[in-house]
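These notes concern the structure reproduced below.
Only a predicted model underlies this, so the values are computations on that prediction, with no experimental measurement involved.
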Amino acid sequence: MHDTADLIEKDLILLGATAIEDKLQFGVENTIDKLKQAGIKIWILTGDKIETAVNIGYSCGLLTDDLNLVYLIESTYSEVKEKLRRCCASLGFRKGQDNSLGLIIDGKALNFALSSECQADFLDLATSCRSVICCRTTPKSKSQIVDFIKRNTNAITLAVGDGANDVSMIQTAHVGVGIYGREGTQALS
């Protein structure tokens, strides 16, 4: 879809622009801080673009200045496979431990990372990071990520969402929470 959009969205004339402010709900930063103190790993799975998701990561306290961010936004399968291999090799004996790393991965790279040949390295890298943000995710890929973690770790998964695009993820998790949020009640049904 991204390739098709790139083909279509050329030589356009801007007629107007609209801005929508999507503020964090009250208490999010404090809640994330308490969860991190309890040793709970938090992943953000969002349809937002990378820049927006990273800004949200900083504003809610999931990303901090002491984290080294690893961007996995390569556009081909071979690039993703190679970057995962290099990142895991650089971790060495620290693989699988809590490192001062934050992983930022986009939807296209995520699809490649979840393929059979890349899964082991993706799991090693992601579980070695203090924070993970998956951008440009679809409802299906959100569900696939939760299922992937459920099948490959001993972790209990909790998915929280407030939109229709979160329903499959909520249903896949060990514990799913649909909340009444600013975006509506779609995740509650």
Side-chain angles (χ1 to χ4, degrees), residues 1-2 31-32 35-36 38-48 50 53 56-57 60 62-63 67 69-179 186-189:
M1 288 182 66
H2 295 296
T31 301
I32 287 177
L35 293 171
K36 285 172 31 179
I40 295 173
K41 290 209 174 191
I42 301 167
W43 292 28
I44 293 178
L45 311 179
T46 181
D48 289 336
I50 291 171
I56 290 168
C60 73
L62 185 62
L63 297 178
L67 289 181
L69 299 184
V70 176
Y71 285 85
L72 191 56
I73 54 174
E74 279 59 36
S75 58
T76 68
Y77 174 78
S78 59
E79 289 173 338
V80 170
K81 185 177 177 181
E82 177 60 24
K83 181 135 186 200
L84 284 169
R85 187 197 61 73
R86 281 187 283 119
C87 288
C88 287
S90 71
L91 286 170
F93 70 90
R94 298 178 326 225
K95 196 182 326 179
Q97 299 175 15
D98 185 24
N99 294 279
S100 293
L101 295 173
L103 175 62
I104 314 298
I105 183 169
D106 72 353
K108 190 171 186 178
L110 181 64
N111 287 334
F112 295 137
L114 291 173
S115 69
S116 58
E117 286 185 35
C118 295
Q119 283 184 358
D121 284 340
F122 174 61
L123 183 65
D124 285 342
L125 176 59
T127 57
S128 299
C129 292
R130 196 169 293 158
S131 302
V132 177
I133 298 179
C134 301
C135 312
R136 290 293 191 204
T137 56
T138 63
K140 181 180 178 182
S141 63
K142 288 180 180 187
S143 177
Q144 288 173 326
I145 294 163
V146 172
D147 183 58
F148 175 70
I149 295 301
K150 274 176 61 174
R151 286 185 290 107
N152 294 289
T153 69
N154 292 325
I156 301 296
T157 58
L158 164 68
V160 179
D162 65 355
N165 60 340
D166 299 317
V167 173
S168 60
M169 169 187 72
I170 290 168
Q171 292 173 336
T172 302
H174 289 103
V175 179
V177 178
I179 59 172
Q186 297 96 331
L188 292 176
S189 43

To the nearest 0.5 Å, what is the distance between [atom1] ([X]) and [atom2] ([Y])?
X: I50; Y: C134; atom1: CD1; atom2: SG; result: 11.0 Å
X: Q171; Y: M169; atom1: CD; atom2: CE; result: 10.5 Å
X: N152; Y: D147; atom1: CG; atom2: CG; result: 8.5 Å
X: I44; Y: C60; atom1: CD1; atom2: SG; result: 4.5 Å
X: L91; Y: N99; atom1: CG; atom2: CG; result: 5.5 Å
X: L114; Y: I105; atom1: CG; atom2: CD1; result: 7.0 Å

Using a 3.5 Å distance criterion without hydrogens, assess whether the side chain of [X] forms a donor-acceptor pair with backbone atoms of [Y].
X: K83; Y: Y71; answer: yes
X: R136; Y: G47; answer: yes
X: T157; Y: K150; answer: no
X: K95; Y: D121; answer: no

Mind running side-chain contact (heavy atoms from CB on, under 4.5 Å) on T153 and L123 for me, showing each step along the way?
CA-CA 9 Å; T153 69; L123 183 65; 3.8 Å; yes

With a 4.5 Å heavy-atom cut-off, do [X] and [Y] have their side chains touching?
X: F122; Y: L110; answer: yes
X: L63; Y: I104; answer: yes
X: K36; Y: I42; answer: yes
X: I145; Y: L45; answer: yes
X: P139; Y: V167; answer: no
X: F112; Y: E74; answer: no

Among residues two or more places apart or on two chains, list those pairs meeting salt bridge (Lys or Arg N to Asp or Glu O under 4.0 Å) that have a residue in residues 100-116.
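Every salt bridge (Lys or Arg N to Asp or Glu O under 4.0 Å) pair that includes a residue of residues 100-116, provided the two are not neighbours, is D3-K108.
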
Nearest heavy-atom pair of [X] and [Y]: which atoms, and what distance?
X: A53; Y: D48; answer: N-CB, 4.3 Å
X: C87; Y: V70; answer: SG-CG1, 3.8 Å
X: K41; Y: T127; answer: NZ-O, 2.8 Å

Consider side-chain hydrogen bond (donor to acceptor under 3.5 Å, both in side chains). Of T172, D166, T137, T138, which one does S143 pass it with?
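Considering T172, D166, T137, T138, a side-chain hydrogen bond (donor to acceptor under 3.5 Å, both in side chains) with S143 is found only for T172.
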
R86/E82 ion pair, N-O < 4.0 Å:
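A salt bridge links R86 with E82.
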
